[in-house]
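One structure below.
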Amino acid sequence: MCFVLSEGGPRGKVAFYTLGCKVNRYDTEAMAELFRRAGWEIVDFRDMADVYVVNTCTVTARSEAQSRQAVRQARRRNPAGLVVVCGCYPQVQGEEALSATGADVVLGTRGRGKIVSLVERALRGEKPLVEVAPGPAMSTRPAPVTPEAATAPEQYEEVPVVGQGRTRAILKVQEGCNMRCTYCIVPAARGHARSRDPGAALEEARRLVAAGFREIVLTGIQLGAYGRDLGIPDGLAWLVEKMAAIGGLWRLRLSSIEPVDLTDALVGTMASQRVVCPHLHLPLQSGSDRVLAAMGRPYSAGDYLRLVERAREKMPGMALSTDVMVGFPGETDEDFAATLQVVEKAGFMRLHVFPYSPRPGTAAARLPDGVPEKVKEERARVLRELGMRLGRAFAEQMVGQVVEVLAEREQDGQVSGLTRNYVRVRFPGGPELEGCLVEVRVIGADPDGARGELTGVLAAPEDE
């Protein structure tokens, strides 16, 4: 590859491909911002670029395969281009990720601030470059429950994002996980739980609002653990209250919260702050107490349902979504029936269903009694169908109501946006409504949301 880095001029074109969770999406935006500041042009991954960055996921074997597929797509698009593989896959798999992808630069989940310098070194001929800082070893110890025990041996890596021109922004405030679920490789990829400095988090939130974002989604690997390592009691509740007071912010939404982290203080803060959206993503994983214990999940199905009941008492109309795994080693028909029962009782509005996939290096990978793939597929199908029915039932309860929608985009005369409780509503309208806070009367329910008609505009972006 012949590529000359000019002094002070445009550096070239870089494209990004992101797999996995909201945290990965944030990390991609952070790396893209570093390239922008260095004079690079950000282009679509489907376009011709000088550099392709694939931000990987290693939660399942499928996500690793998709990461490798994205690398192959980049190579076909520009055989002379430079490919970077970063994130959880190389952090966990190391040299295997390098040999499997043939990447020019390999970067783990730490030291993302180096990515531009690594790329520019590689463009000058230093490749392959592998920068995967070692993280803490995996263990099967239970999650620490005190601030002292949860203190992280490493600091949160500060790589801020400044976005423009969109309605919703993801704001990462926490990294790593102190849970030790037997099926999960994430602690090996992301390390121990550590929190972002509150001042830095609040400052970035203000910058995002100033840049035009009206909804912020707080995210982290174990978001509910925020503040423990900093000695802040009920840290996430405290941070939510501070962010809710930022002028110009219309909505504050939380991403996934572990059941063990859903404190009364957090629920109370969510209920008392109008800016905070009444929606919880609370991973269940299984409705069988026996399977939950084998997974290392520190709660029972009854504990989970009681948490949901208390949250709904404080937030009537709250929407609840979840993750459920099927086919965990040893899961019987009776265990699966228990999961179906709990899912029905909880009344989820959305399910994310995952067939179990063994991850090398986890305790569950060594368990006997693997469930046949066909059985996993059938259980996943049944559970997804139940999820669709529950989602439609939740949306049908809204028919006839006037709801607040943050309009995101228009296409072919239809505007799409989310209600405060995370239901997607589509209604007739034009592009002038994009970014506006509107009122919509719900007139029908669909498997993936609701249909409505515009009744009024509450606020426009330029009103702030």
Side-chain angles (χ1 to χ4, degrees), residues 1-20 23-58 64 66-135 157-164 170 172 175 189-190:
M1 177 182 181
C2 180
F3 190 96
V4 179
L5 292 173
S6 61
E7 295 296 332
R11 313 297 276 179
K13 296 180 179 180
V14 57
F16 292 84
Y17 189 89
T18 307
L19 294 106
V23 173
N24 256 17
R25 286 163 54 191
Y26 178 93
D27 292 340
T28 294
E29 287 296 324
M31 290 185 286
E33 181 64 23
L34 292 174
F35 275 97
R36 284 190 196 96
R37 292 179 182 182
W40 287 76
E41 179 185 353
I42 313 299
V43 300
D44 192 277
F45 194 78
R46 294 166 294 186
D47 296 338
M48 181 68 75
D50 303 295
V51 177
Y52 294 90
V53 180
V54 179
N55 194 5
T56 64
C57 177
T58 192
E64 287 184 359
Q66 289 173 328
S67 300
R68 293 190 292 269
Q69 182 183 33
V71 172
R72 290 194 294 271
Q73 290 172 352
R75 290 292 191 203
R76 286 195 298 269
R77 201 156 289 129
N78 183 5
L82 185 142
V83 176
V84 180
V85 170
C86 62
C88 293
Y89 178 29
Q91 184 68 45
V92 171
Q93 300 293 354
E95 290 297 325
E96 178 187 319
L98 173 62
S99 61
T101 62
D104 302 298
V105 176
V106 176
L107 181 65
T109 58
R110 297 161 178 83
R112 294 183 189 87
K114 302 177 182 177
I115 188 168
V116 176
S117 63
L118 288 172
V119 163
E120 296 187 349
R121 282 172 55 194
L123 288 170
R124 293 187 177 100
E126 296 180 57
K127 59 184 179 180
L129 287 173
V130 180
E131 288 273 341
V132 180
E157 182 184 9
E158 191 67 48
V159 186
V161 171
V162 178
Q164 304 237 345
I170 298 171
K172 178 180 168 185
E175 176 67 277
R190 295 281 183 169

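Numbers for residues simply follow the sequence, beginning at 1.
Atom CZ of Arg112 sits about 7.0 Å away from atom CG of Asn55, to the nearest 0.5 Å. Rounded to the nearest 0.5 Å, atoms CD1 (Ile42) and CG (Asp47) are 12.0 Å apart. Interatomic distance, Glu64 CD to Thr58 OG1, rounded to the nearest 0.5 Å: 3.5 Å.
Looking only at side-chain heavy atoms (C-beta outward), Leu19 and Tyr89 stay at 4.5 Å or farther from each other. Between Arg190 and Val23 the shortest side-chain heavy-atom distance falls below 4.5 Å. Side-chain atoms of Val119 and Val116, non-hydrogen and from C-beta on, never get closer than 4.5 Å to each other. Contact of the Gln73 side chain with the Arg46 side chain is not registered, since no non-hydrogen atoms from C-beta on lie closer than 4.5 Å. Residues Ser67 and Val85 have side chains not in contact (no heavy-atom distance under 4.5 Å, counting atoms from C-beta outward). Looking at Val132 and Val130, their side chains come closer than 4.5 Å, going by heavy atoms from C-beta outward. Within the 4.5 Å cutoff, no side-chain heavy atoms of Tyr52 are placed close to those of Val71.
Residue Ala103 comes nearest to Pro128 through the heavy atom pair O-CB, 3.9 Å, listed as atom of the first residue, atom of the second, then distance. Taking each heavy atom of Leu107 and Pro90 in turn, the nearest pair found is O-CG, 3.4 Å. Across all non-hydrogen atoms, the minimal contact from Ala70 to Val54 is CB-CG1, 4.0 Å. Of all heavy-atom pairs spanning Val105 and Ala122, the tightest one is CG2-CB, 3.6 Å. Residues Lys13 and Met48 approach most closely at CD-O, 4.0 Å, considering heavy atoms. Shown here for Ala74 and Val83, the closest heavy-atom pair between the two residues is CB-CG2, 4.2 Å.
Distance alone, capped at 3.5 Å, is enough to place a donor-acceptor pair between the Thr56 side chain and the Cys86 backbone. Here the side chain of Arg75 pairs a donor or acceptor atom with the backbone of Gly81 at under 3.5 angstrom.
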query: Between Ile115 and Phe35, does a side-chain contact (heavy atoms from CB on, under 4.5 Å) hold up when you go through it step by step?
result: CA-CA 8 Å; Ile115 188 168; Phe35 275 97; 4.0 Å; yes

query: When you look at Val51 and Val53, which way does the side-chain contact (heavy atoms from CB on, under 4.5 Å) test go after all the steps?
result: CA-CA 7 Å; Val51 177; Val53 180; 4.2 Å; yes

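Ring-plane geometry between Phe45 and Tyr17 is classed as tilted, the angle between the planes lying from 30 to 60 degrees on a 0 to 90 degree scale.
The existence of a salt bridge linking Glu29 and Arg25 is excluded, since no basic side-chain nitrogen approaches an acidic carboxylate oxygen closer than 4.0 Å. With respect to Arg121 and Asp104, no salt bridge is recorded, no charged nitrogen being found less than 4.0 Å from a carboxylate O.
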